[in-house]
Each structure stands twice: as structure tokens, then as C-alpha cells.
Amino acid sequence: MSDEGRGGDAGGSAESDGASAASADGSADALTHTDDSGDVQMVDVGAKPDSSRRAVARGEIRLTPETIAAVETDAVEKGDVLATARIGAVQAVKHTWETIPMCHQIPITNVDTEFAVGDGRIELTVAVETTGKTGCEMEALEGVTTGLNTVWDMVKAAEKDADGGYPDTRISDVEVVEKRKETVGE
């Protein structure tokens with residue numbers, strides 16, 4: 001599924017939003033953020049009906065077992081890692097339009113964050129809801145990546161090796177796991 005104007009799915013599918021730009025060969029995977037001359041543009045969503053939309057994204061950060069234990073026992077010197085990461089995730093959701101150039105500013109109606117800690121990793125799931133003319137999957141992805149970056153920032157002193165590197169730390173598997181749209185009034 002695609003939401004033109006969101007900056008995420010460059011593929012432009014007509015599955016849910018009723019619009020698709022055809023490429024020169026007739027396929028439906030032309031870029032939606034360029035005009036006929038190839039200039040980048042924000043997609044006009046003004047004629048689209050308002051819809052209730054939800055997107056859920058997830059990702060994880062790998063950490064050493066010692067760092068995981070410190071997070072679980074609230075023993076990280078900088079403070080409560082997950083509470084701080086939750087704030088970072090919500091702030092990122094609300095400011096996505098400021099960091100991804102072609103995203104529209106949308107009214108966020110709800111943000112849920114959920115952490116799962118264990119087995120050398122912390123998984124973050126962010127669910128975003130809106131009512132408007134375009135989707136919120138980019139907001140969910142921004143929430144996940146900023147939330148996980150916040151975790152990294154909070155624990156970086158514990159994760160550094162003798163050379164100042166982070167050999168055991170990595171953010172991975174960031175993906176959209178759910179996207180839903182219902183036309184308002186249906």
C-alpha cells in the first residue's frame with residue numbers, strides 16, 4: 001500500500017489510495033515525488049478524502065548483556081532509559097514533517113510505544129494514528145528510529161569498547177508491520 005506525499009514508499013501503489021503514476025513502461029512503480037521534468041515536489045493530497053489511518057513500525061537495538069541488565073534494573077547513570085526513549089519516540093512522531101522533506105504535516109491523534117527487553121536486545125514498537133488525507137507510516141518509522149537512537153545515547157558509555165567504538169551495538173530490523181486505512185464515515 002502507498003501513501004503519496006509521505007516520503008516513504010517511492011513505489012506508488014494504487015492499492016489503498018486510488019492513485020498511481022505509471023512509468024514509461026506502463027508499470028505502476030513510478031516515483032510520486034517528481035514532476036514530469038524530474039523536479040522533486042510534494043504530492044498534492046488536497047482532493048483525497050479524510051481517512052482514519054494507523055501505522056505500526058518496529059525495530060531493535062542490540063546491546064551487551066551487561067547493558068541490558070543495567071536498563072532492566074534502572075542502573076544507567078543517565079537515568080531511566082526506556083522513559084527517555086519513549087519521550088524521544090513521541091517527539092519524533094510529532095516532528096516527522098520537519099525532518100523528512102516531502103512529508104506533509106499531519107494531525108497525530110495517538111501514539112503508543114511498547115518496549116520488549118531481553119536476549120541482548122531491546123525491541124521498540126510504535127503505533128501512530130491520524131485522521132487525514134495521507135498516512136502515518138513515516139511517523140511510526142521516525143518514532144522507532146529516534147526511540148532506538150535515544151536508547152543508544154543513554155547507554156553509550158556502557159557500550160563503548162577501549163577504542164571508543166561500539167562493536168556490540170547496532171540498530172536493525174526497522175520495518176512497518178501494519179498499515180490500515182478506513183475512509184471517515186464508512
Side-chain angles (χ1 to χ4, degrees), residues 1-61 84-114 123-153 170-186:
M1 295 193 312
S2 170
D3 281 308
E4 301 85 43
R6 297 303 309 146
D9 182 7
S13 162
E15 250 179 82
S16 67
D17 286 337
S20 176
S23 63
D25 67 359
S27 67
D29 59 353
L31 298 177
T32 60
H33 286 86
T34 57
D35 62 17
D36 292 340
S37 65
D39 291 330
V40 176
Q41 66 179 2
M42 180 180 256
V43 174
D44 182 358
V45 297
K48 292 171 69 176
D50 282 343
S51 298
S52 173
R53 298 166 183 262
R54 174 181 168 87
V56 181
R58 64 152 306 278
E60 66 182 37
I61 184 168
T84 306
R86 186 179 318 279
I87 293 167
V90 172
Q91 285 181 328
V93 166
K94 296 189 312 183
H95 291 278
T96 299
W97 66 277
E98 295 174 314
T99 58
I100 299 180
M102 296 302 139
C103 279
H104 292 84
Q105 184 177 7
I106 63 172
I108 303 299
T109 58
N110 191 44
V111 179
D112 286 320
T113 59
E114 182 179 329
E123 181 179 294
L124 172 57
T125 302
V126 176
V128 178
E129 296 175 0
T130 185
T131 299
K133 298 180 183 305
T134 190
C136 52
E137 66 272 21
M138 297 313 299
E139 286 74 9
L141 288 165
E142 283 281 296
V144 167
T145 56
T146 298
L148 294 175
N149 282 334
T150 302
V151 170
W152 193 320
D153 179 58
R170 70 181 174 280
I171 293 172
S172 63
D173 299 320
V174 176
E175 61 182 332
V176 175
V177 295
E178 177 188 335
K179 186 175 167 190
R180 188 173 63 216
K181 172 183 142 181
E182 298 173 8
T183 302
V184 173
E186 281 186 353

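Position 1 is the first residue of the sequence, and the numbers go up from there.
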Which heavy atom of [X] sits nearest to which heavy atom of [Y], and what is that distance?
{"X": "L148", "Y": "E60", "answer": "CD1-N, 3.5 Å"}
{"X": "W152", "Y": "R170", "answer": "CZ3-CA, 4.0 Å"}
{"X": "E123", "Y": "T125", "answer": "OE2-OG1, 3.8 Å"}
{"X": "V144", "Y": "A57", "answer": "CG2-O, 3.4 Å"}
{"X": "T134", "Y": "I106", "answer": "CG2-CG2, 3.6 Å"}
{"X": "A89", "Y": "G143", "answer": "CB-O, 3.3 Å"}

Can you confirm whether [X] sits close enough to [Y] that some side-chain heavy atom of one is under 4.5 Å from a side-chain heavy atom of the other?
{"X": "L124", "Y": "R58", "result": "no"}
{"X": "I171", "Y": "T145", "result": "no"}
{"X": "T150", "Y": "T146", "result": "yes"}

Salt bridge (Lys or Arg N to Asp or Glu O under 4.0 Å) partner of E129, the single match among R54, K179, K181: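 It is R54; the other options fail the test.
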Approximate separation, where rounding is to 0.5 Å, of C103 SG and E137 CD: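 Result: 8.5 Å between the selected atoms.
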Other residues, nucleotides, ligands: >12 heavy atoms within 6.0 Å of E114 CD: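 Counting neighbours around CD of E114, 12 or fewer heavy atoms of other residues, nucleotides or ligands fall under 6.0 Å, so no.
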